[in-house]
Novice: 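First, the structure itself, so that you have it in front of you.
Computation of the quantities below employed the complete heavy-atom set of this structure, encompassing side-chain atoms and omitting hydrogens, waters and symmetry-equivalent molecules. Nothing here was measured: the structure is a model prediction, and the numbers come from that model.
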Amino acid sequence: MGELATTPENYEKMGLSMTIEHVQHLEQVEEHLKREVEIPNKFIIPGDTPVGAALDLACAIIRRAERMAVKLLHDRVIQNGEVVRYLNRLSDLIFILARYVEVKSSLAELPE
């Protein structure tokens, strides 16, 4: 997230910025995982597994970053709205990945 850390006067020198293609890539991965695991339509208690708990924590941290990026965009500190979209899609993807890991972990523990 160098784009968020770069000062406005150095923004042009940065070279790489978030694009719609970055966002679309996350959406494609998200759709692939959704075909693998059903997302419950109810409240989820995070942290069924240590890996799931770490992913849920990461999701919460990314959501916080997203809120900060929205404020920066609103205050015109950053210009690229794709940063906010990327963080939003990333947090959704991490949430789904946590459910995926938990489902796969519970399947691995079932007796044969």
Novice: Working to the nearest 0.5 angstrom, can you tell me the gap between Arg64 CZ and Arg67 CZ?
Specialist: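 Those atoms lie 7.5 Å apart.
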Novice: Which heavy atom of Val101 sits nearest a heavy atom of Gly52, and at what distance?
Specialist: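 Closest approach of Val101 to Gly52, heavy atoms only: CG1-N, 4.3 Å.
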Novice: To check you understand the geometry: which heavy-atom pair defines the closest contact between Ile20 and Arg85, and what is its length?
Specialist: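 Minimum heavy-atom separation between Ile20 and Arg85: CD1-NH1, 3.6 Å.
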Novice: Do Glu36 and Lys104 pass the side chain to side chain contact (heavy atoms under 4.5 Å, CB included) test, and can you show the C-alpha distance, the side-chain angles, and the key distance before you say yes or no?
Specialist: CA-CA 10 Å; Glu36 296 288 321; Lys104 294 299 180 182; 4.1 Å; yes
Novice: Is it the case that over 12 heavy atoms from other parts of the model lie below 6.0 angstrom from the CD atom of Glu21?
Specialist: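 Atom CD in Glu21 is crowded, with more than 12 foreign heavy atoms closer than 6.0 Å.
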Novice: Please name the pair of heavy atoms, one in Ile39 and one in Phe95, separated by the smallest distance, quoted to 0.1 Å.
Specialist: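 Scanning both residues completely, I find the closest heavy atoms to be CG2-CE2, 3.9 Å.
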Novice: Of all the heavy-atom pairs spanning Ala69 and Leu87, show the shortest one and how long it is.
Specialist: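 Heavy atoms only, the tightest pair is CB-CD1, 3.8 Å.
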Novice: Under the side chain to side chain contact (heavy atoms under 4.5 Å, CB included) rule, what do Glu27 and Gln24 come out as? Steps first, then yes or no, please.
Specialist: CA-CA 5 Å; Glu27 290 171 342; Gln24 289 170 340; 4.1 Å; yes
Novice: Do you know the tightest heavy-atom contact between Ile62 and Ser91?
Specialist: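 In this case the closest contact between Ile62 and Ser91 is CG2-CB, 3.7 Å.
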Novice: I'd like to know whether Lys71 forms a side chain to side chain contact (heavy atoms under 4.5 Å, CB included) with Ile78, so could you lay out the CA-CA distance, the side-chain angles of the two residues, the decisive distance to 0.1 Å, and finally the verdict.
Specialist: CA-CA 9 Å; Lys71 181 174 180 353; Ile78 62 172; over 6 Å; no
Novice: Of all the heavy-atom pairs spanning Thr49 and Glu102, show the shortest one and how long it is.
Specialist: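 In this case the closest contact between Thr49 and Glu102 is OG1-CG, 3.7 Å.
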Novice: Verify the cluster assignment for Leu57 and Ile96: are they in a single hydrophobic cluster under the rule of side-chain heavy atoms below 4.5 Å apart?
Specialist: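 As far as the 4.5 Å side-chain criterion goes, Ile96 and Leu57 are not connected within one cluster.
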Novice: Which of these passes side-chain contact (heavy atoms from CB on, under 4.5 Å) with Leu93: Leu55, Leu26, Asn88?
Specialist: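 For Leu93, the side-chain contact (heavy atoms from CB on, under 4.5 Å) test succeeds with only one of Leu55, Leu26, Asn88, which is Leu26.
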Novice: Determine whether a donor-acceptor pair (N or O, by modelled atom type, separation under 3.5 Å) exists between the side chain of His22 and the backbone of Thr19.
Specialist: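 Confirmed, His22 side chain pairs with Thr19 backbone.
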Novice: Could you tell me if the side chain of Leu97 sits less than 4.5 Å from the side chain of Glu30, heavy atoms only?
Specialist: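 No, side chains not in contact.
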Novice: Mind checking whether Tyr86 and Val77 sit in one hydrophobic cluster, side chains of I, L, V, M, F, W, Y counted as touching below 4.5 Å?
Specialist: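 Yes.
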